[in-house]
Amino acid sequence: MPADLDEKTDRYEDLLADALDAAEIAVPPESPLGEAAAECEEMARSYLEDGRHFRADDDPVNALAAFSYGHAWLDAGARIGLFDVPDEGHLFTV
């Protein structure tokens with residue numbers, strides 16, 4: 001049975017918020033990689049805000065897309081070593 005849109009949107013919002021809380025920049029902030037990490041984090045936070053805005057406007061499809069894109073920014077950054085993230089759990093695919 002397909003997941004209910006509201007339930008899935010809730011789940012992805014929580015996933016992104018929890019991932020943002022768990023991710024810590026792992027590279028020197030003044031380096032080009034530090035700038036890339038800050039940009040990835042900023043994009044993820046922006047998508048979280050956008051998703052919440054879409055949700056408040058009763059647009060769960062775009063909210064889900066925003067939460068998914070935001071998590072992708074963090075997950076990609078974790079994969080290439082910009083962030084220290086938990087090895088265990090469901091927040092990241094590293």
Side-chain angles (χ1 to χ4, degrees):
M1 172 173 265
D4 174 76
L5 180 59
D6 289 331
E7 182 275 326
K8 192 169 192 175
T9 304
D10 288 343
R11 196 166 15 110
Y12 276 70
E13 179 181 7
D14 291 343
L15 178 69
L16 176 53
D18 291 347
L20 275 163
D21 287 342
E24 295 183 13
I25 294 179
V27 294
E30 65 282 347
S31 72
L33 289 176
E35 291 176 21
E39 189 172 319
C40 287
E41 184 179 40
E42 180 182 348
M43 291 298 293
R45 288 192 190 286
S46 293
Y47 274 116
L48 179 62
E49 291 175 19
D50 289 350
R52 289 175 173 165
H53 174 78
F54 287 130
R55 178 170 254 189
D57 284 348
D58 197 30
D59 186 355
V61 172
N62 281 317
L64 177 58
F67 297 143
S68 297
Y69 282 127
H71 188 266
W73 276 93
L74 279 185
D75 209 31
R79 180 69 97 166
I80 63 172
L82 298 178
F83 300 106
D84 283 329
V85 297
D87 292 334
E88 301 295 321
H90 67 286
L91 296 179
F92 297 94
T93 60
V94 292

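Keep in mind that what you see is a predicted model, and the values were worked out from it rather than measured. In what follows, every heavy atom counts, from backbone to side chain, and hydrogens, waters and symmetry copies are set aside.
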Is there a path from [X] to [Y] through hydrophobic residues (I, L, V, M, F, W, Y) whose side chains come within less than 4.5 Å of each other?
X	Y	value
Ile80	Trp73	no
Val27	Phe83	yes
Phe92	Tyr69	no
Leu91	Leu16	yes

Considering all heavy atoms of both residues, which atom of Ala63 and which atom of Gly51 are nearest to each other, and what is their separation? CB-O, 3.3 Å
Gly81 and Ala26: which non-hydrogen atoms are nearest, and at how many Å? O-CB, 3.9 Å
With a 3.5 Å cut-off and sequence neighbours excluded, list the donor-acceptor pairs that the side chains of residues 36-50 form with protein atoms.
unit_1 : atom_1 : unit_2 : atom_2 : d
Glu41  : OE2    : Arg45  : NH2    : 3.4
Ser46  : OG     : Glu42  : O      : 3.0

Taking only Lys NZ, Arg NE, NH1 and NH2, and the carboxylate oxygens of Asp or Glu, determine whether Arg55 and Asp6 approach each other closer than 4.0 Å. no
Would you say CD of Glu7 has more than 12 non-hydrogen atoms from neighbouring residues, nucleotides or ligands within 6.0 angstrom? yes
For Asp21, look at atom CG and say whether over 12 heavy atoms of other residues, nucleotides or ligands are found less than 6.0 Å away. yes
When rounded to the nearest 0.5 angstrom, what is the spacing between CG in Leu20 and CG in Leu74? 4.5 Å
Under a 4.5 Å cut-off applied to non-hydrogen side-chain atoms, are His71 and Phe67 in contact? no
Heavy-atom side-chain proximity of Val61 to Asp59 below 4.5 angstrom: yes
